[in-house]
Amino acid sequence: MNIPLNLATRPLEGNRRFVVGATTIGTLGLIAMLVLSWHAYAAFRADKAFRAEESRLESEMNGLQAQRGALEQFFNQPEITQRRDRAAFLNSLIAQRAFPWTRIFMDLEQSLPEGVRVVSIEPRLVGDHLELRLLIGTSNDEEKLKFLRALEGSSDFSAIEVLNEGRSERATDADHIVLSLQARYSAI
């Protein structure tokens, strides 16, 4: 036999509102924890992929730096450096459209007195101007001086510098005096 007896001093309260609220908050907390856990896992995977890509790029960069070092060592060899300088000179002449051989010979023709001949011409690009090294042959001092005066009076040649003068003792040589000089050519 059951006798309904309430020994409590206060009547029995229902905890339903508390249980529903706690369950709702717990469920929302669990969902938030699952979403944050998923984002943390995705960030971990992305970071892992980033680190793998970074290490691959570093190893590739180290390989390229080793290749660059080998190429620098190869290109710093004396014969390669000489070829590179010559190619740079020729490219600079090409970049200036074309080397004006015809114009130089026409200008020299106006400056050359009778009895003076050009033995060799060596053009060089120095900075932004062209310098010519000329080897001139003459039969006497008077012709040499006429040529130097005519060259100094020319507007196409400047900064004329005599580098060397040689004399031949043989009577069979047409050029008793060989004059080496350097001049800046400005008619380009």
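Positions are given from 1, in the same order as the sequence printed here. Heavy atoms only: backbone and side chains are in, while hydrogens, waters and symmetry mates are out.
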So CG of L71 and CG of N76: to nearest 0.5 Å the spacing works out to 10.5 Å
d(Q182 CD, L132 CG) to nearest 0.5 Å is 9.0 Å
Residues at least two apart in sequence or cross-chain that pass salt bridge (Lys or Arg N to Asp or Glu O under 4.0 Å) with E131, listed by chain then number, are R124
Residues pairing under salt bridge (Lys or Arg N to Asp or Glu O under 4.0 Å) where one sits in residues 62-76, two or more places apart or in two chains, turn out to be R68-E72
Interatomic distance, CG@N62 vs CG@L57, rounded to 0.5 Å, equals 11.0 Å
Validation row: R56, E60 side chains within 4.5 angstrom (heavy atoms)
yes
Taken to the nearest 0.5 Å, the spacing of R184 CZ from E161 CD works out to 11.0 Å
Between T81 and F75 the two heavy atoms that sit nearest each other are OG1-O, 3.4 Å
Salt bridge (Lys or Arg N to Asp or Glu O under 4.0 Å) filter on E79, not counting sequence neighbours, yields none
Q) Are V119 and V178 joined in one hydrophobic group, where the rule is that I, L, V, M, F, W and Y side chains link up if heavy atoms are under 4.5 Å apart? A) yes
CZ (R16) and OG1 (T23) are apart, to the nearest 0.5 Å, by 11.0 Å
Output for pair (T138 OG1, L148 CG), nearest 0.5 Å, gives 9.0 Å
Applying salt bridge (Lys or Arg N to Asp or Glu O under 4.0 Å) to D47 and not counting sequence neighbours gives R51
For F50, the other hydrophobic cluster members (4.5 Å side-chain criterion, sorted by chain and number) are none
When every non-hydrogen atom of F147 is compared with those of L181, the smallest separation belongs to CE2-CD2, 3.9 Å
Requested in this report: Assess whether atom CZ of R84 is packed by more than 12 heavy atoms of other residues, nucleotides or ligands within 6.0 Å.
Outcome: yes
Across all chains, not counting sequence neighbours, the salt bridge (Lys or Arg N to Asp or Glu O under 4.0 Å) partners of E142 are K146
Q) Quick one: do V162 and I136 end up in the same hydrophobic cluster if we chain Ile, Leu, Val, Met, Phe, Trp and Tyr together by side-chain heavy atoms under 4.5 Å apart? A) yes
